[in-house]
Amino acid sequence: MTSESGPGRRLPVRRLIQLYTGLTLYGVSMGLMLRAELGLEPWSVLNQGISRHTGLSIGTVTIVSGALILLLWIPLRQRPGLGTVSNVVVLGLVMDATLAWVPELDSLGARIPLLAGAVLLNGAATGLYISADFGPGPRDGLMTGLHRRTGRPVRLVRTCIEVTVLAAGFLLGGSVGIGTVVYALAIGPLAQFFLRRFAIKDAPAQPSPVVARGGASPERAILPE
């Protein structure tokens with residue numbers, strides 16, 4: 001009789017655990033960066049700016065903006081996966097929950113290590129959910145879709161998107177500061193490290209949704225959320 005508990009059956013379970021653990025930790029890290037009050041990553045700067053003008057929570061804005069970004073996938077012919085849809089919903093919910101549980105901090109001595117921990121946690125979360133390979137987040141898919149449609153390098157497309165988002169968020173009153181710079185410099189190396197650390201080695205080889213054409217690795221094509 002064939003066993004029902006072989007590696008082939010365990011891998012999807014491990015991938016699901018990685019996906020939802022990664023997305024949950026990503027939402028926590030976004031909430032902690034906001035509580036550190038030292039600057040946010042570009043998309044959170046935009047979402048915070050919109051939140052301040054609409055009165056909606058930043059988590060709600062994150063969910064709505066993620067859903068709207070998915071509409072841009074249609075002309076780019078991108079296909080969402082389980083990870084894509086989960087990304088839209090989970091990040092915003094967890095971010096709002098984190099803000100509800102973690103109080104505001106006045107001391108700079110507490111906010112600096114909180115920022116450092118949030119960026120580190122974000123890198124680990126990125127490695128977890130992308131290694132699960134259930135589809136890119138809406139912002140990752142926007143980047144790779146534009147890359148494929150325009151033929152421009154991934155890094156150039158990513159830079160153009162993030163500069164545009166950051167500028168719009170800043171004009172709307174989003175928080176830009178040293179944390180924004182720290183995140184920009186640290187997230188690439190952290191994502192590379194954790195993508196290798198959490199890779200599922202026994203899984204069948206599949207083309208990654210965040211890999212650019214021409215054989216670029218996930219570590220080099222990553223756009224964190």
Side-chain angles (χ1 to χ4, degrees), residues 16-73 80-105 110-111 114-130 132 134-143 161-162 164-177 179-180 182-184 187 191 223-225:
L16 283 169
I17 291 173
Q18 282 201 196
L19 171 66
Y20 289 107
T21 300
L23 291 177
T24 299
L25 293 179
Y26 204 109
V28 171
S29 72
M30 292 166 67
L32 294 179
M33 280 193 71
L34 188 59
R35 278 290 179 252
E37 297 184 6
L38 292 170
L40 304 172
E41 51 86 22
W43 285 102
S44 290
V45 173
L46 177 61
N47 291 334
Q48 184 186 49
I50 295 173
S51 173
R52 287 177 172 173
H53 284 272
T54 62
L56 298 172
S57 72
I58 189 170
T60 300
V61 173
T62 299
I63 294 172
V64 172
S65 66
L68 291 175
I69 290 170
L70 281 183
L71 295 178
L72 298 177
W73 282 35
L82 175 63
T84 309
V85 178
S86 299
N87 184 296
V88 171
V89 177
V90 172
L91 295 191
L93 293 177
V94 174
M95 189 176 188
D96 275 350
T98 301
L99 292 173
W101 281 94
V102 178
E104 295 183 7
L105 301 174
R111 287 157 52 204
L114 182 63
L115 170 66
V119 173
L120 179 62
L121 183 62
N122 192 278
T126 298
L128 277 168
Y129 94 81
I130 287 184
F134 276 108
R139 297 157 188 85
D140 292 330
L142 177 62
M143 175 195 69
I161 291 174
E162 293 200 343
T164 301
V165 166
L166 185 63
F170 178 74
L171 291 174
L172 289 172
S175 177
V176 177
T180 309
V182 170
Y183 184 91
I187 195 60
L223 173 64
E225 292 262 293

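Residue indices begin at 1 and follow the sequence shown.
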Sub-3.5 Å donor-acceptor pair from the side chain of [X] to the main-chain atoms of [Y], do we have one?
| X | Y | result |
| --- | --- | --- |
| Arg139 | Trp43 | no |
| Ser29 | Val119 | no |
| Arg35 | Leu105 | no |
| Trp73 | Pro80 | no |
| Gln48 | Ser175 | yes |
| Ser86 | Gly83 | no |

Working note: Ile58 + Asp96, criterion side chain to side chain contact (heavy atoms under 4.5 Å, CB included); need CA distance, chi angles, decisive distance, verdict. CA-CA 7 Å; Ile58 189 170; Asp96 275 350; 4.1 Å; yes
Just wondering, do [Y] and [X] contact through their side chains at under 4.5 Å, heavy atoms?
| X | Y | value |
| --- | --- | --- |
| Leu46 | Leu166 | no |
| Leu70 | Val88 | yes |
| Val85 | Phe134 | no |
| Tyr129 | Asn87 | yes |

Judged by modelled atom types alone, do Ser44 and Glu41 share a side-chain donor-acceptor pair under 3.5 Å? yes
Side chains of Thr21 and Thr24 only: does a donor on one sit below 3.5 Å from an acceptor on the other? no
Sequence neighbours left out, what passes side chain to side chain donor-acceptor pair (under 3.5 Å) with Thr180? Give chain and number order. none
Contacts of type side chain to side chain donor-acceptor pair (under 3.5 Å), residue Thr98, not counting sequence neighbours: none
Carefully, step by step, assess Val94 and Leu23 under the rule side chain to side chain contact (heavy atoms under 4.5 Å, CB included). CA-CA 9 Å; Val94 174; Leu23 291 177; over 6 Å; no
